[in-house]
Amino acid sequence: MHALVRQETLEPAWTVQQILDLLGRPLNDLLLQAQAVHRQYHPANAVQCSRLASIKTGGCPEDCAYCPQSSRYATPVINTPLMPLSEVLAQAREARAQGAQRFCMGAAWRSPTARQLDDVIVRVQAVKALGMETCVTLGMLKEGQAQRLKEAGLDYYNHNLDTAPEHYANIITTRHFEDRLDTLRRVRAAGLKVCCGGIVGMGESRAVRAGLVAALANLHPCPESVPVNALVKVPGTPLADTPDLDVFEFVRTIAVARITMPTAVVRLSAGRETMHASTQALCFMAGANSVFIGERLLTTANPVPESDQRLFERLGLVAMPEAV
Ligand code: SAM
Ligand code: DTB
Ligand code: SF4
């Protein structure tokens, strides 16, 4: 059955109101429910580890209000052309040595050209040959491009919904929520695994967070990987001065992602650098079972490997695949 059928013909699996009701539960009740779902579907203490590389940085024509790589904002990002294959391979080897199971390459494009896709394909094939899982995030894909990535051996395509449909135009005006869904359909139709999540802490209401999780959970099938990013406030971006979100709201968002998408790997994604260890521990209790490792995300800082190793030891967590 085509991936679109359920979305267009059947009732959504989750309503926004159901998710709002979950978000409003006492925290302990919500955590217990999320942890019970987690244990039913996943090994209790195993964490999937991915490593990011920004293979083409900055100068992006899009206006995503959170993003330091948009050419519209004066941010500390230095624009950099496509990373040479040798450097990609060096970073992938380092990532593998640090315990990353998956290598994710990001490019600051609205949508890749055919030529740019060729360049990415060479890099995907080389990383795949190291025995790692591969993921790329390149923006919107045109007809046939997802198929080409699949044939090159790509495992995952990352393309986030980022926020709820009704809030999308407040954050990004250069494309529409529906454009994201079109790319996700192409990715699914090509047989690639889907990595799709969003950002919280952009000044949105709880209803918007519920709307984002509903949109993700109602994708059919639901994404294999769901990155939940806490906004990294980069100077120069329109969202740089957004007030901090209550950490428990972040933990609650992780919990509802876990409950509504039980089979997905839920990634405690951007924002860990400034997140206290105890908040991260709550996120793991709420059902997060993936992180980005390595001292950089795309353009911003992430905890250094020693700090994450210590955190895993303190919490008794083990990197996948060793624990599964
Ligand atoms: N240009 C492509 C796109 O937008 O799909 C791929 C790269 S883009 C940087 C990938 C994702 O990074 C975005 O969808 C967003 O969720 C996340 N991201 C970007 N800037 C962020 C920030 N400041 N804080 C948290 N997440 C961010
Ligand atoms: C995702 O959801 N988060 C990652 C990855 N997918 C590409 C990117 C986070 C970027 C954070 C800001 C930066 O480092 O530029
Ligand atoms: Fe460009 Fe992606 Fe950043 Fe938006 S999130 S400005 S599309 S790199």
Side-chain angles (χ1 to χ4, degrees), residues 50-73 75-80 100 102-112 116 120 134-141 145 156-163 168 171-177 179-184 187 194-204 212 216 223 225-242 244-245 250 253 257 264-275 288 290-303:
S50 292
R51 168 93 204 217
L52 280 166
S54 182
I55 61 166
K56 187 273 168 187
T57 306
C60 182
E62 301 281 86
D63 71 352
C64 312
Y66 48 80
C67 188
Q69 300 199 70
S70 167
S71 62
R72 295 164 194 248
Y73 317 130
T75 71
V77 167
I78 296 168
N79 298 350
T80 319
R102 189 177 311 157
F103 193 66
C104 309
M105 293 175 268
W109 290 319
R110 171 178 161 83
S111 177
Q116 287 166 337
V120 171
T134 50
C135 176
V136 296
T137 181
L138 314 173
M140 295 180 282
L141 295 181
Q145 290 189 315
Y156 288 81
Y157 195 82
N158 166 249
H159 201 63
N160 291 338
L161 293 182
D162 281 326
T163 192
Y168 204 79
I171 303 295
I172 301 152
T173 69
T174 48
R175 56 170 190 261
H176 304 293
F177 191 81
D179 297 327
R180 299 301 267 188
L181 295 178
D182 283 346
T183 291
L184 290 168
V187 168
V194 171
C195 174
C196 183
I199 310 179
V200 297
M202 299 194 290
E204 75 284 341
L212 166 65
L216 294 168
S225 167
V226 177
V228 182
N229 296 281
L231 175 70
V232 180
K233 296 175 206 174
V234 181
T237 59
L239 297 181
D241 298 321
T242 309
D244 282 343
L245 178 70
F250 185 78
T253 308
V265 165
V266 175
R267 182 171 307 117
L268 168 53
S269 192
R272 290 198 306 116
E273 170 68 2
T274 53
M275 203 178 281
S290 172
V291 290
F292 285 120
I293 60 167
E295 60 274 13
R296 284 204 92 61
L297 293 166
L298 290 173
T299 66
T300 64
N302 197 45

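Whatever order the structure lists ligands and atoms in, that order sets their numbers, starting from 1.
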Distance filter under 4.0 Å to A108 heavy atoms, resulting ligand 3 atoms:
8 (S)
I172 vs D63 side-chain heavy atoms within contact, under 4.5 Å
yes
Atom 2 (C) of ligand 1: closest protein heavy atom, distance to 0.1 Å, is G139 N, 3.6 Å
In the protein, which heavy atom is nearest to atom 4 (Fe) of ligand 3, and how far is it?
C64 SG, 2.2 Å
Begin with the C-alpha distance, continue with both residues' side-chain angles, and end with the deciding distance and a verdict on side chain to side chain contact (heavy atoms under 4.5 Å, CB included) for F250 and L268.
CA-CA 10 Å; F250 185 78; L268 168 53; 3.5 Å; yes
Residue-ligand contact A107/ligand 1, heavy atom below 4.0 Å:
yes
Donor-acceptor pair between Y66 and N229 side chains, under 3.5 angstrom:
no
Whether T80 side chain and I78 backbone form a donor-acceptor pair below 3.5 Å
yes
Looking only at protein heavy atoms, which one is nearest to atom 4 (C) of ligand 2, and what is the separation?
F292 CE1, 3.7 Å
With a cutoff of 4.0 Å, is G106 in contact with ligand 2, counting heavy atoms of the residue only?
no
Trace of the side chain to side chain contact (heavy atoms under 4.5 Å, CB included) decision for C196 with L184:
CA-CA 9 Å; C196 183; L184 290 168; 3.8 Å; yes
If you scan protein heavy atoms around atom 3 (Fe) of ligand 3, the nearest is C67 SG, 2.3 Å
So the atoms of ligand 2 within less than 4.0 Å of a heavy atom of P227 turn out to be 2 (O)
Closest non-hydrogen atom pair, M275 against A230:
CE-CB, 4.2 Å
For A100 and R51, which heavy atoms make the closest approach, and how far apart are they?
CB-CB, 3.8 Å
May I ask you to check if ligand 1 and W109 share an N or O to N or O distance below 3.5 Å?
yes
Does Q69 form a side chain to side chain contact (heavy atoms under 4.5 Å, CB included) with T57? I'd like the steps, not just the answer.
CA-CA 7 Å; Q69 300 199 70; T57 306; 3.5 Å; yes
Euclidean distance, E204 CD relative to I171 CD1, rounded to 0.5 Å:
7.5 Å
For atom 27 (C) of ligand 1, which candidate among T75, I199, T183 provides the closest heavy atom?
I199
shortest atom 20 (N) of ligand 1-to-protein heavy-atom contact is with Y66 CD1, 3.4 Å
Just by distance, do the side chain of N302 and the backbone of F292 share a donor-acceptor pair under 3.5 Å?
yes
Check for a donor-acceptor pair, side chain of S290 on one end and backbone N or O of R267 on the other, with a separation under 3.5 Å.
no
Nearest protein heavy atom with distance in Å, relative to atom 6 (C) of ligand 1:
T137 OG1, 3.1 Å
Run the contact test for Y66 against ligand 2 with a 4.0 Å cut-off on heavy atoms, strictly below, and give the result.
no
Roughly how far apart are R110 CZ and S70 OG, rounded to 0.5 Å?
12.0 Å
What part of A230, side chain from CB on, backbone N/CA/C/O, both or neither, has a heavy atom under 4.0 Å from ligand 1?
backbone
L161 and Y168 have their tightest heavy-atom pair at O-CE1, 3.2 Å
With nothing but distance in play, are any N or O atoms of R180 less than 3.5 Å from an N or O of ligand 1?
yes
Numbered atoms and elements of ligand 2 in range of T137, under 4.0 angstrom, heavy atoms
7 (C)
Can you measure from CG (L231) to OG1 (T274) and round to the nearest 0.5 angstrom?
9.5 Å
Identity and distance of the protein heavy atom lying nearest atom 1 (Fe) of ligand 3:
C60 SG, 2.3 Å
Any heavy atom of T299 under 4.0 Å from ligand 2? The part involved is both
Atom 7 (C) of ligand 2: of V228, N160, L52, the nearest heavy atom sits on L52
Starting from atom 7 (S) of ligand 3, locate the nearest protein heavy atom and write down its residue, its atom name and how far away it is, to 0.1 Å.
R175 NH1, 3.3 Å
Give the single entry among T300, D162, V232 that approaches atom 16 (O) of ligand 1 most closely by any heavy atom.
D162
Which ligand 2 atoms, with their elements, are less than 4.0 angstrom from a heavy-atom of N158?
6 (N), 7 (C)
I'd like to know whether T183 forms a side chain to side chain contact (heavy atoms under 4.5 Å, CB included) with R175, so could you lay out the CA-CA distance, the side-chain angles of the two residues, the decisive distance to 0.1 Å, and finally the verdict.
CA-CA 12 Å; T183 291; R175 56 170 190 261; over 6 Å; no
Do ligand 2 and L298 have nitrogen or oxygen atoms that lie under 3.5 Å from each other?
yes
With a 4.5 Å heavy-atom cut-off, do Y157 and V136 have their side chains touching?
yes
Note: N229, heavy atoms under 4.0 Å from ligand 2, region reported as side chain
Is there a donor-acceptor pair under 3.5 Å between the side chain of N160 and the backbone N or O of G197?
yes
Students should be able to answer this: which protein heavy-atom is nearest to atom 12 (C) of ligand 2, and at what distance?
T300 OG1, 3.6 Å
Near E62, which atoms of ligand 3 are under 4.0 Å from a heavy atom of that residue?
1 (Fe), 4 (Fe), 6 (S), 7 (S)
Which residue and non-hydrogen atom of the protein lie closest to atom 9 (C) of ligand 1, and at what distance in Å?
L298 CD1, 3.5 Å
Closest non-hydrogen protein atom to atom 11 (C) of ligand 1, residue and atom name please, with distance?
N160 ND2, 3.8 Å
Provide the number and element of each atom of ligand 1 under 4.0 Å from a heavy atom of N229.
16 (O), 25 (C), 26 (N)
